[in-house]
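Worksheet: one structure, shown below.
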Amino acid sequence: MKRIARITLLLLLAAGLWLALKPTLGNRRLTFLPLHLSEYIDYMDFWLNLTSFAILGATVWLAFGALENVLRRLCLMLGFITLLNLLLEVMQTSIPGRAMDQADVWAGLLGCALGLASGLALQLFSVRKKSRGTVPQVLFLDQTGRLGGAELMLLDIAAARAADSEVALFQDGEFRTALEDAGVKTRVFKLGEEAATVDKQAGLGSILGSIPAILDLILQIAQAARAFDVVYANTAKALIIGGPAARLAGRQLIFHLHDIIADGHFSKLNQQALVLCANCCARSVIANSESTKAAFIASGGRAELCVVIPNGFQIPAERTSKAEMQALRASLGIQPDAWTVLMAGRLSHWKGQHVLIEALKHVPGAHAVLLGDALFTDEDRLYAQQLHALAEEPGLAGRIHFAGFQTETLAYFDLADSVVHASVFPEPFGRVIVEGMLAGKPVIAARAGGAAEIVQHGETGLLVAPGDAPELAAALLRLQSDAAFAASIARQAQQSARDIYALPAVQEKIEAVIRQIAGRKPTPAPEAAASTPVQLAA
Ligand code: UDP
Ligand code: GLC
C-alpha cells in the first residue's frame, strides 16, 4: 500500500515537473544569457517552479513514508509556492509596460489558502489519530555511546518506561549495552565522522563541514520519530538533530538540558544555535538545576519553556562491607587507615582534578582516588596524561591513585573519608556530589552552578571558590582535624539527599512532563514501572 502511494506520488511529481517545463522546452528562457528585466521575471517564475518541485520531490521522497505526512507537507508546500508566485505577479506591476495578470493572482490566492487549510486539516486529523489514553511512546535521543552523567540519568528514565520507549544513539558504546541490559530497545544511528568530532567549542568551519552528515541523520531520525508521540533530546547535539527531525515528523519535542549554556562550556556560535533550536523546536526544556535554567534564559532561551528537575538517584539497600572496602584500598595501594579523598568523574580540565592534586600538596599524608577516565575529547586525553605527570611531583608520589572508569562506583565512595568536587567552571548539576552525600560522606564542592544549589555551606557540606587550591586544602584540613563536624555535615547531607533526590519522585516529575507534552491526562505512570531501579553490569 505504502509502495503504491509512493509510486503514485512520484508519478504526480513527474507530471508536475513536466508541466512546469513544457512551455519552455526549446525556448530561449532556458538559457542563462542576460535578459531584459521583464523577461527575467518570467524566467525566474519558471526556475522557481522548477526548484520548488525539485525540493518538494526530494523532501517527500527522502523524509516521509506515510501518506498522511506526505499529503500534509505537500499541501503546505504547494500553498507556499503559490504565495511566491503571487509575489512575482505583484512585482511585475512595477515594470513599465507590464501588468498584473488578474487570473494568476486569484489562482495564487486560492491555491495558497487551499494549501494552508488542507495542511491544517490534515495536521488536526493526524493529531486526533494518535493513541490517546495510553502511555505516551517516547523516542529518546543521545549523542554519545559513553557513560557520562547525562547518560546515567537517561538510563534510569528510559528503563523505568522501557515498554513505551526506544533510545536512538549517535554513537555505539557501553551506554548501548547498559540500556539493553536494562531492557530498553536501543538503535545506533551513526553520525558521519566529520560531524561526530564537532564538539561544544566548534567553530563555523567544522560545523559547515558536518552539514551533509547532520542532514542525513535528521532525515533518518525524522523517519524513526513517526512511530512515537514524543521525541526527547537528552543532550545538546541530540537537540540540534532532534529539533528539526521532530518538526519534520510533526512530533512534540522535549529537550533535557544538562549543560550550562555559557562561555567556557560552549562557543558563542554553538550557544546561539542551541538556544535558537530549543526556542523554535522544543515544547518543554527540562533543566537539571536552577543555574542551568538561568543560563539558558540569559542566552535568550524562552523562560516559559523551562521546568527544573534535578537528577534522581537509587538509594542503595546496602553499602560495601568493611572487608570489601579494605580489599579495594589494598588493590589501590592505600593503607587501611590513610585519610583518603575521592574525586569521581571524567578526567577533563573543567572538572578540576588538577585543583585537588595541587591542594593535596598542603594536606600531608592524605591520599586521593581519582575515579573516572577521559571520556569525550582528545583534549581530555591529553589532560589525563598531564594529571599523571602532576601526580609524580615531589611530595605527592604514591598519594594520587588513578582508578580508571568503573561501572560499579559504590565501593569507591564508601572507602573515602571525604568526597571532593572541584569544577573550575560552573557545574550544571553534579551527580557525584549527591552520590557522595548519599554515601554519608562529608562533601566539599566548588561554589558555582548546580553544586552551590545542592550543598548548603557548613550544613550539608563545604563550599570553596572554584579553582582555589589553597581554600580546598584548608577545607580538607578542617574535615581531617574535626571528625565530629565532618560526621555531622555528612549525616545532614545524607538525609537531605534522600529527601530531595530519590529516583521515583524525579521519574514521576519527568513522566508528568512527557504526559503533558503528549496531550495525555496527568495521571502518574504505573507505580512499579516508575520505581524500577537500574543496575549497571559490573
Ligand atoms: N562515574 C562512573 N564511573 C566512573 C566515574 C564516574 O559511573 O568511573 C559516574 C559518577 O558516579 C556520576 C557520573 O559518572 O554518576 C558523572 O556525572 P556528573 O554529573 O558528576 O558529571 P558529568 O560527567 O556528567 O559532567
Ligand atoms: C551533565 C553535566 C553534569 C550533570 C549531568 C546530569 O553531564 O555536566 O553537571 O550532573 O549532566 O544532569
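Read the numbers this way: they start at 1 and go in the same order the structure lists the ligands and their atoms. Bear in mind that the values here come from a model prediction, so they are computed numbers and not experimental data.
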Legend entry - Under 3.5 Å: N/O of Glu427 near N/O of ligand 2: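 Right, the criterion is met.
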Legend entry - Nitrogen or oxygen atoms of Phe429 and ligand 2 under 3.5 Å apart: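 Among all N and O atoms of Phe429, at least one is under 3.5 Å from an N or O of ligand 2.
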Can you list the ligand 2 atoms lying under 4.0 Å from a non-hydrogen atom of [X]?
{"X": "Trp350", "value": "8 (O)"}
{"X": "Asn311", "value": "6 (C), 12 (O)"}
{"X": "Gly149", "value": "5 (C), 6 (C)"}

Legend entry - Contact with ligand 2 for Met153, non-hydrogen, under 4.0 angstrom: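 No heavy atom of Met153 comes that close to ligand 2.
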Legend entry - Location of contacts on Leu152 toward ligand 1, heavy atoms closer than 4.0 Å: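 Just the side chain.
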As an exercise, identify every atom of ligand 1 less than 4.0 angstrom from a heavy atom of [X].
{"X": "Thr409", "value": "2 (C), 3 (N), 7 (O)"}
{"X": "Gly372", "value": "5 (C), 8 (O)"}
{"X": "Gly404", "value": "8 (O)"}

Nearest heavy atom to [atom]: which of [options] does it belong to?
{"atom": "atom 3 (N) of ligand 1", "options": "Gln406, His258, Met153", "result": "Gln406"}
{"atom": "atom 15 (O) of ligand 1", "options": "Glu427, Met343, Glu435", "result": "Glu435"}
{"atom": "atom 19 (O) of ligand 1", "options": "Lys351, Arg346, Arg431", "result": "Arg431"}

Inset, instruction - Decide whether a cation-pi geometry holds between Arg478 and Phe485; the criteria are a distance under 6.0 Å from NZ or CZ to the six-membered ring centre and an angle within 45° of the ring axis. - result: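 That pair qualifies as a cation-pi contact.
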Legend entry - Heavy atoms of other groups near Gln335 CD, more than 12 under 6.0 Å: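 It does not: Gln335 CD has 12 such atoms or fewer within range.
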